[in-house]
Amino acid sequence: MKLRLATWNINSVRARIGIVEQFVKTYRPDILCLQETKVMDSAFPKAAFKKMGMHGIAIHGQKNHHGVATVAKSALPEMHKRDWCSEGDARHVLTPLQTARGAIDLHNFYVPAGGDVPNPDENPKFAHKLAFLDEMIDWSKDLKTPSIIVGDLNVAPLESDVWSHKQLLKVVSHTPQETERMKTMQEAHGWVDIMRRIKPEPERLYSWWSYRAKDWRASDRGRRLDHIWVSPELADAVSHMEVVEEARGWEKPSDNAPVIADFDF
DNA sequence: ATGGTGGGTAGCCCA
């Protein structure tokens, strides 16, 4: 049983429904996990996804900000949401999957970006981000079901996940406070970072390029903020992974590129 | 050192 899974921070699903369709047509994911949908559930463009052949739709949205959605070719009969940090934010949706390897929990996350100042005493957004990661660490310790975490975790954990390790050490997304928590979280469950299993360090591997660069491709000041992690027993099922950098150059792009993983269960 | 670009939505907030 082959399964193509993709994750993409889309920065408004309504503003970018055209390139979502382009992505689905070109890359044919069986399951697509979106973050920053920026739409209430009542206004989610369900019809457009059904037209693309994505009939399973699990959404957790809110007005204006954040919001996640997992869509799939097959039905997604079950979904669960969790209110991380009790903030009332739409940052997570769980869709249990039935595979040839049995039940697998697919968790789609949008971790808080954390603002600009990397000090939790001065910046409540950074404090929220650290608390969110701490909650994910505790949660990882107790997980029993084989699981997949995907999404925009807003942290680039490794040196070659950023264009300049030295210059980004004090920039939110690559501070030791964040990268150490990523490592602790991986150890708490045994999470396997399958992007790095396929393309190990020190190869350059980015999924996000700022809108503010004059020429994102030429300057290539990227960061790997988007991730696909799996429980240890699922690691050998991964046969392929790619960051679809091409999509960063499409018409009116998101600043994040999609990440694809192929599984053979 | 600074400000650069986007989306959502009604005034700035957030990324």
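Throughout, a chain's letter reflects where its sequence line sits, starting with A, and its residues are numbered from 1.
Within residues 206-216 of chain A, the residues having any heavy atom under 4.0 Å from DNA chain B are, by residue number, A:Tyr211, A:Arg212.
With rounding to whole Å, A:Asp255 atom CG is found 14 Å from B:dT5 atom P. Regarding A:Asp116, its CG atom lies at a distance of 13 Å from the P atom of B:dC13, rounded to whole Å. The nearest whole Å value for the distance from the NZ atom in A:Lys63 to the P atom in B:dG8 is 13 Å. The separation between A:Asn256 atom CG and B:dG6 atom P is 15 Å, rounded to whole Å. The distance from atom CG of A:Asn9 to atom P of B:dA15 is 11 Å, rounded to the nearest whole Å. Straight-line distance from the CD atom of A:Glu36 to the C1' atom of B:dT5: 14 Å, rounded to whole Å.
Look at the P atom in both B:dC14 and B:dA10: the space between them is 15 Å, to the nearest Å. Going from the P atom of B:dG7 to that of B:dG3 covers 22 Å, rounded to whole Å. Taking atom C1' on both B:dA15 and B:dG4, the two are 14 Å apart, rounded to the nearest angstrom.
Because its NZ or CZ atom is both nearer than 6.0 Å to the ring centre of A:Trp216 and within 45° of the ring axis, A:Arg248 counts as a cation-pi partner of that residue.
Residues A:Ser239 and A:Asp262 bring no donor and acceptor atom of their side chains to less than 3.5 Å of each other. Judged purely by distance below 3.5 Å, without hydrogens or angles, the side chains of A:Ser231 and A:Trp191 never pair a donor atom with an acceptor atom. If you check the side chains of A:Trp8 and A:Asn256, you find no donor sitting under 3.5 Å from an acceptor.
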Please table the atom pairs, donor to acceptor, closer than 3.5 Å between any side-chain atom in residues 49-64 of chain A and protein atoms at least two apart or in another chain.
| residue | atom | partner | partner atom | Å |
| --- | --- | --- | --- | --- |
| A:His60 | ND1 | A:His92 | O | 2.7 |
| A:Gln62 | OE1 | A:Ala90 | N | 2.6 |

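The closest donor-acceptor contact from the side chain of A:Glu135 to the backbone of A:Cys85 lies under 3.5 Å.
Between B:dG6 and A:Arg16, no contact under 4.0 Å exists linking OP1 or OP2 to a side-chain N or O. In this structure, A:Lys129 does not reach the B:dC14 phosphate: none of its side-chain N or O atoms is under 4.0 Å from OP1 or OP2.
Taking 4.5 Å as the limit, every side-chain heavy atom of A:His107 sits out of range of all side-chain heavy atoms of A:Val150.
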